[in-house]
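Working notes, structure below.
Because the structure is predicted, anything quoted here is derived from the model rather than measured. In the text below, chain A, chain B and the rest are named by the order of the sequence lines, each starting its count at 1.
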Amino acid sequence: MNIYDLTIHELKEKISAGELTPGEIKKAFADRINDVEDKVKSYITVTYELAEAQLKDYENKKEKMLAGIPIAVKDNMSTDGIKTSCASKMLENYKPPYNATVVEKLNEAGAVILGKTNMDEFAMGSSTENSAFFVTHNPWNLNHAPGGSSGGSAAAVAAGECAAALGSDTGGSIRQPASYCGVVGLKPTYGMVSRYGLVAFASSLDQIGPITKDVEDSAILMNVIAGHDPQDSTSIAGKKEDYTKYLKEDVSGMKIGIPEEYFNLEFDEEVKASVLAAVEKLKEVGAEVETVHMTDASYALAAYYVIAPAEASSNLARYDGVRYGLRSEHASDVNEMFTNTRHEGFGEEVKRRIMIGTYALSSGYYDAYYLKAQKVRTLIKDDFDRIFNDFDLILTPTAPSTAIELESKSDPLEMYHTDIFTVPVNIAGVPAMSVPCGFDSSEMPIGLQLIGPHFGEGKIIQAAYTLEKLLNINEKRAEL
Amino acid sequence: MTTKYETVIGLEVHVQLNTDSKIFCGCSTEFGKEPNENTCPVCLGLPGTLPVLNKKVVDYAIMAGLALNCDIAEYSKFDRKNYFYPDLPKAYQISQFDLPIAENGEIEIETEAGLFNIGVTRVHLEEDAGKLIHEGSIDKSKGSLVDYNRTGVPLIEIVSEPDMRTPAQAKAYLTELKMIMEYLDISDCNMEEGSLRCDANVSLRPVGQEEFGIKAELKNMNSFSAVEKGLEYEVKRQQELLDEGKKVVQETRTWDESLNKTISMRGKEEAHDYRYFPEPDLVPLEIDAAWKEEMGKEIPELPREKYKRFISELGLPEYDAGVLTGDKDLAVFFEEVLSDYDDPKNLSNWMMGEFLRLLNENGQAPFESGVSPINLAKMLKMIDQDIISGKIAKKVFEKMYNSGSDPETIVEEEGLKQISDEDELENIVDGIIADNPDAVEDVQNGKDRAIGFLVGQVMKETRGKANPGLVNQMLRDKLMD
Ligand SMILES: [Zn+2]
């Protein structure tokens, strides 16, 4: 196997066995980037200087969890002195003067950060086609999208351009690209991972999480990034666990709910068959699987497309050309400067969501949209709570299809619909993971989603780990 | 025909809290630093940064709420107020909209027309914005500079009920608020420096009508006198409009100090839609009974209570009580002296006379001078015990003020002790009698006033140290027998 195909835990083993040095590992990944990046285009910025500096510090960090491990970070997480663009013209040359908490934690754990990955502009999108700079290609088929918005991170992991990556997930932005790219993506419980330094899209929904080659790596990366951060008031204290202790092949007696309303939706039959086949495998090893009834996911989608844009309209208001980022050169007064900067700096999808969100919060419409959406949110939360009174996990497909072809969805509503299975999870604030469960007839990966109760990451990891071992497809790699 | 109108005024007062650090980050709030020195990624609103609430700010707001007799909310939350302006780095201000920290209060004020209760609708927390520096207006200036030092400095906004009926009441209410904040020691309350800011809603209605008239919102009144003048102008302006049968339009007007008038800023149509919604980056604020109680213990005797007590228990005239309680430090100083000295009125005379005169001349606060409460008590006792005369005491006091020494040392070193020894005075009194035959004759002819002249001469001879009562007695004994 190639070095760049190895997982975090495999690389760690080779380092500790003296078979590989961090320098050799870094070189192998840099060579891989050199070989395939032209085709995949995962990275907005490669950060070899930072990587070299981190390698130099290896001796001080070698007992740490990620010592010498090459990691990629989505370009919406602040990196001190390194461009953090959010794939937007607005922040094309913006270099933050501070590190996001997760970046600090990676540093502290000895990680070697290789670069900042492409994404949909400000994380708004489901294919990474909304990047203001370029399109990222799915390593399994370059004519297909990697999914989004963390498409660069998922593609980089799938293409062996890093050992693992961080993504952010507001409505499925970790899980859906993980599913499209045949890798593992975990969206933790809201509040499990600090958002400090994550450029906000929708503050009440955004969560950072790992995108990895297998479930074990997901647990390792969670051990590094999870935990309370005094700089994030919404981060939760006292709930962090050692997630690697859940790496057990055991689902006996685990109660898994299959929401009928989700499976009754119209979606790709091959995806459905693959997911249900995986369910059968889990049953065979003792999982207690039952059909459950949940609120129609389309309500969650509707609420999401009010709440997320509403928060985004406010979060993105700071890009006004006054302090940093783009400033329009065509303005004769301050209001024109605001208007033209935002006109020139934001892409179409971002503008669309700012408009939707502004409208939803406007006086006279607030009750009908924002407030109504919040009520729906409460109902969806209650719905999940109700199921989790009796069940350990809920299982659904991650996305209604395998990776879509590039430029195949021009209708924004059609694109929004690709998040139908993932959005309710963010609305409820619960954790969920996408795990590869098979391939369709075009050899494109299929993912299934395991949803747990609040702080149920451990159960998810345990079930996903069991499934991974049963299916034994995690060593299959995209050929480039 | 002039209709009789009733004026209706409500005030919105912003008070900057004097915590050491800002409301949502650790930056210093110190005034007068280099531009943008007191900033960090959080208060600059850099992408990805998040607010963390400063507990001290909540402490202060609870104290303010309690002092204004409000109900303190067990559950309150923060909201975003969205608008674009270059001094607002996030393009939203974190404020409180529908669940403020305190509600339903009232305070008592006093004007020449009597006592009034003014309702306090609410007290809410918010962050201050930065400052723009440009020539003329932002629209016309070639360029603007922004100083974000003030961004994130904690504010409470205190909104009154429309309970005031005259500009004088509004001024008294504002003064009372300022005094309360000063007594709580939670704000510097300096209108000129902007740590106390006041906007007003003003409307008129025919006497007897329940429904409010159309109001104008008045901004930019940067001193107590500007508040009074601005309101008086606005009341007159609206009255004239109504008298002419015209309508008052709902608008925001700004007080122009140089023109001495209010000018329209923007109409109702141009009013902002702030698109308030709950701040998702902060968790709701929960204040339990224990926290409230703890803050309650931090509240000292407030100015109105102290004022009333000075009158009822110390027997001070209303005027004295008003002056002394009008400045917290002065009142504290006064009471500290009283713990060693038991003639409140005599002390009050000294404080309102010599002490205030010197403080004003030197631009100092009560505790900034060389006079300590203990030393002032000592000095007053020395007068009462005839150790020094009242006249000498003024000299001693001035020396205490400037040097910080205690009065005994000053009297000792400067030889200012009153001469109350008859033997010591005998020769001097005899000398004066010998040198002033005309006055002596006058005295002996029954012109009592001439005694005063002779006493004065003795005082002059002794450089004020002679005990004037004793000298008077000695002269009478010598000349009238
Ligand atoms: Zn700061």
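- Ranked by heavy-atom pairs under 4.5 Å with chain B, the first of A:Asp232, A:Leu316, A:Asp320 is A:Asp232.
- Ranked by heavy-atom pairs shorter than 4.5 Å toward chain B, the options A:Ala100, A:Pro230, A:Ser203 are led by A:Ser203.
- In this structure, chain B has heavy atoms under 4.5 Å from both the backbone and the side chain of A:Tyr196.
- Using a 4.0 Å cut-off between charged nitrogen and carboxylate oxygen, A:Asp75 and A:Lys116 count as a salt-bridge pair.
- Ranked by heavy-atom pairs under 4.5 Å with chain B, the first of A:Thr101, A:Val322, A:Thr84, A:Asp206 is A:Val322.
- Inspection of the A:Ser168 and A:Lys74 side chains reveals an N or O donor paired with an N or O acceptor under 3.5 Å.
- Heavy-atom distances place both the backbone and the side chain of B:Phe84 under 4.5 Å from chain A.
- A salt bridge links B:Arg253 to B:Glu251: one of the charged nitrogens lies within less than 4.0 Å of a carboxylate oxygen.
- Comparing A:Leu91, A:Asn315, A:Leu371 by how many heavy-atom pairs each has under 4.5 Å with chain B, the most go to A:Asn315.
- For A:Arg195, the parts lying near chain B are the backbone and the side chain together; criterion is any non-hydrogen pair under 4.5 Å.
- No other option in A:Ser314, A:Ser78, A:Cys86 has as many heavy-atom pairs under 4.5 Å with chain B as A:Ser314.
- Using modelled atom types and a 3.5 Å distance limit, the side chains of A:Glu311 and A:Ser204 yield a donor-acceptor pair.
- Of all the listed residues (B:Ala91, B:Pro89, B:Pro51, B:Cys40), the one sharing the greatest number of non-hydrogen pairs under 4.5 Å with chain A is B:Pro89.
- Here B:Asp199 does not pair with B:Arg197 in a salt bridge; the nearest charged N to carboxylate O distance is not below 4.0 Å.
- Salt-bridge check for A:Glu349 with A:Arg352: passed, with a basic side-chain N closer than 4.0 Å to an acidic carboxylate O.
- Salt-bridge formation is detected for the pair B:Asp98/B:Lys77: a Lys NZ or Arg NE/NH1/NH2 atom is positioned less than 4.0 Å from an Asp or Glu carboxylate oxygen.
- A donor-acceptor pair shorter than 3.5 Å cannot be found between the side chains of A:Ser149 and A:Asp120.
- Residue contact with chain B, scored on non-hydrogen atoms closer than 4.5 Å, is absent for A:Ser332.
- The contact between A:Tyr94 and chain B is made entirely by side chain atoms (from C-beta outward), counting heavy-atom distances below 4.5 Å.
- Looking only at distances, no side-chain donor or acceptor of B:Ser144 sits under 3.5 Å from a matching main-chain atom of B:Leu132.
- With chain A as partner, the option from B:Leu53, B:Leu282, B:Leu46, B:Val146 having the largest number of non-hydrogen pairs under 4.5 angstrom is B:Leu46.
- Under a 4.0 Å N-O distance rule, the pair B:Asp281/B:Arg80 qualifies as a salt bridge.
- Heavy atoms closer than 4.5 Å to chain A are found in the side chain of B:Pro41, but not in its backbone.
- Of the atoms belonging to B:Tyr83, not a single heavy atom falls under 4.5 Å from chain A.
- Within the 4.5 angstrom heavy-atom criterion, only side-chain atoms of A:Tyr190, from C-beta onward, approach chain B.
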